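Below, each value reflects all heavy atoms present in this structure, side chains not excepted, and no hydrogens, waters or symmetry copies. Bear in mind that the values here come from a model prediction, so they are computed numbers and not experimental data.
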Amino acid sequence: MLGNIMVIAFKKILITSGPTRASLDAVRFLSNRSTGRFGTLLVEEALRNRMKVTMVYGRGSQTPRSHPRLRLIPIETNDDLGRVLKRELSRGGYYAVIHAMAVLDFQASRVRKGKVGSRGGKWTLELKPTPKIIQKIKVWSPKSFLIGFKLEVSEPVTLLAHARRLMKESKADMVVGNFLTEGEDERHAGYLVTRRQQFEIKKVTGKKKLAKAIMNWVIKQS
């Protein structure tokens, strides 16, 4: 393992983290519950292994302390994320991309101008699906190892089936399956789904252990 760490030292890795937002009017927006905590653990683990990290994070989410090998790029919307990823990845040089950001799957069909007043009565929102940014990452950076994430609230069989589908659609090298109901930190469980001749599945419990397991897998690819 020490030899792998020496090989990967100072290689560039990009990690996305936290939520995105979608405007409803001038002051309101849609978002989700992502805090950026797990993305921060991933960054800290990468820095511990001497990598150079670019962290693209949703505004308001948790980020690590400053570090000479860490570059922070805040974004707000899905469009912001797409522009930043295309710019960064098209330049080349990223060994791996860990796409842990909780990207919104829906946005408003129409953004209202100004602030919608509360005296106007009922406000009916129509939502439309957003483009799947993860499916573009391998187009922008074909040689980067790609790790995606899949969150579900159903049983393991469904979660793993959706993780395998995401792997095929995005050409990811690994997908991490998570349950919303697994709890936080030490009780949180994730399934690492990788592919050789067939799908390989490993369950890891605890967010710190999960972050370390993901980074160890990245290191072993060097």
Side-chain angles (χ1 to χ4, degrees), residues 4-5 7-20 34 36-58 61-64 67 69-105 130-151 163-178 190-195 207 210-222:
N4 294 85
I5 294 175
V7 169
I8 205 169
F10 304 111
K11 284 192 175 181
K12 290 170 59 180
I13 184 171
L14 189 148
I15 297 173
T16 68
S17 177
T20 58
S34 178
R37 172 164 168 70
F38 186 67
T40 295
L41 291 174
L42 286 168
V43 171
E44 291 172 348
E45 192 64 35
L47 293 173
R48 194 174 295 115
N49 284 286
R50 304 176 67 188
M51 302 177 200
K52 295 177 67 176
V53 183
T54 297
M55 183 185 195
V56 181
Y57 69 96
S61 61
Q62 182 177 335
T63 57
H67 190 283
R69 282 186 276 109
L70 172 62
R71 184 161 65 106
L72 296 171
I73 303 177
I75 62 95
E76 186 165 341
T77 68
N78 286 23
D79 288 343
D80 293 340
L81 175 63
R83 283 192 293 269
V84 168
L85 288 182
K86 183 177 181 180
R87 181 191 70 206
E88 290 294 318
L89 298 177
S90 297
R91 291 173 177 173
Y94 280 102
Y95 177 76
V97 178
I98 304 179
H99 187 39
M101 178 171 273
V103 181
L104 286 176
D105 292 321
T130 58
K132 299 297 184 183
I133 293 175
I134 191 172
Q135 295 181 8
K136 300 179 182 179
I137 291 177
K138 280 287 194 176
V139 176
W140 296 326
S141 188
K143 295 182 179 180
S144 298
F145 288 101
L146 172 59
I147 299 173
F149 286 72
K150 189 65 180 177
L151 177 69
R164 290 192 288 266
R165 185 174 67 185
L166 176 62
M167 179 177 288
K168 291 178 180 179
E169 292 174 346
S170 66
K171 296 182 172 60
D173 300 282
M174 174 194 282
V175 172
V176 182
N178 292 274
Y191 294 83
L192 308 185
V193 183
T194 55
R195 181 170 51 197
K207 285 190 174 181
L210 184 58
K212 186 173 183 178
I214 293 170
M215 210 56 61
N216 284 344
W217 183 88
V218 171
I219 292 170
K220 287 178 181 178
Q221 308 313 304
S222 61

Roughly how far, to the nearest 0.5 Å, is the [atom2] atom of [Y] from the [atom1] atom of [X]?
X      : Y      : atom1 : atom2 : result
Leu210 : Glu45  : CG    : CD    : 10.5 Å
Asp173 : Trp217 : CG    : CH2   : 4.5 Å
Leu81  : Ile73  : CG    : CD1   : 10.5 Å
Tyr94  : Leu146 : OH    : CG    : 14.5 Å
Leu47  : Lys52  : CG    : NZ    : 12.0 Å
Leu89  : Thr54  : CG    : OG1   : 9.5 Å

What pair of heavy atoms forms the shortest contact from [X] to [Y], and how long is it?
X      : Y      : result
Gly39  : Ile15  : O-CG2, 4.2 Å
Ile133 : Gly82  : CD1-N, 4.0 Å
Gly148 : Ala172 : N-CB, 4.4 Å
Val53  : Ala46  : CG2-CB, 3.7 Å
Met55  : Pro64  : SD-CD, 3.4 Å
Leu192 : Ile214 : CD2-CG1, 3.9 Å

Give the C-alpha distance, both sets of side-chain angles, the deciding distance and a yes or no for side-chain contact (heavy atoms from CB on, under 4.5 Å) between Lys207 and Asn178.
CA-CA 11 Å; Lys207 285 190 174 181; Asn178 292 274; over 6 Å; no
For [Y], is there any backbone N or O sitting under 3.5 Å from a side-chain donor or acceptor partner on [X]?
X      : Y      : value
Asp80  : Thr77  : yes
Thr20  : Leu104 : yes
Lys138 : Ser144 : yes
Ser170 : Ile134 : no

Are any of the side-chain heavy atoms of [X] and [Y] separated by less than 4.5 Å?
X      : Y      : result
Tyr57  : Gln62  : no
Leu41  : Lys212 : no
Met51  : Ile219 : yes
Arg195 : Met167 : yes
Arg164 : Val175 : no
Leu42  : Ser17  : no

Let's go through Arg48 and Met215 carefully: what are the C-alpha distance in whole Å and the side-chain angles of both, what is the deciding distance for side-chain contact (heavy atoms from CB on, under 4.5 Å) to 0.1 Å, and is it a yes or a no?
CA-CA 10 Å; Arg48 194 174 295 115; Met215 210 56 61; over 6 Å; no
Take His99 and Phe149 through the test side-chain contact (heavy atoms from CB on, under 4.5 Å) and record every step on the way to the result.
CA-CA 7 Å; His99 187 39; Phe149 286 72; 5.5 Å; no
Closer than 4.0 angstrom, basic N to acidic O: yes or no for Lys12 and Glu88?
no
Between Lys150 and Val193, does the side-chain contact (heavy atoms from CB on, under 4.5 Å) criterion hold? Intermediate values first, please.
CA-CA 10 Å; Lys150 189 65 180 177; Val193 183; over 6 Å; no
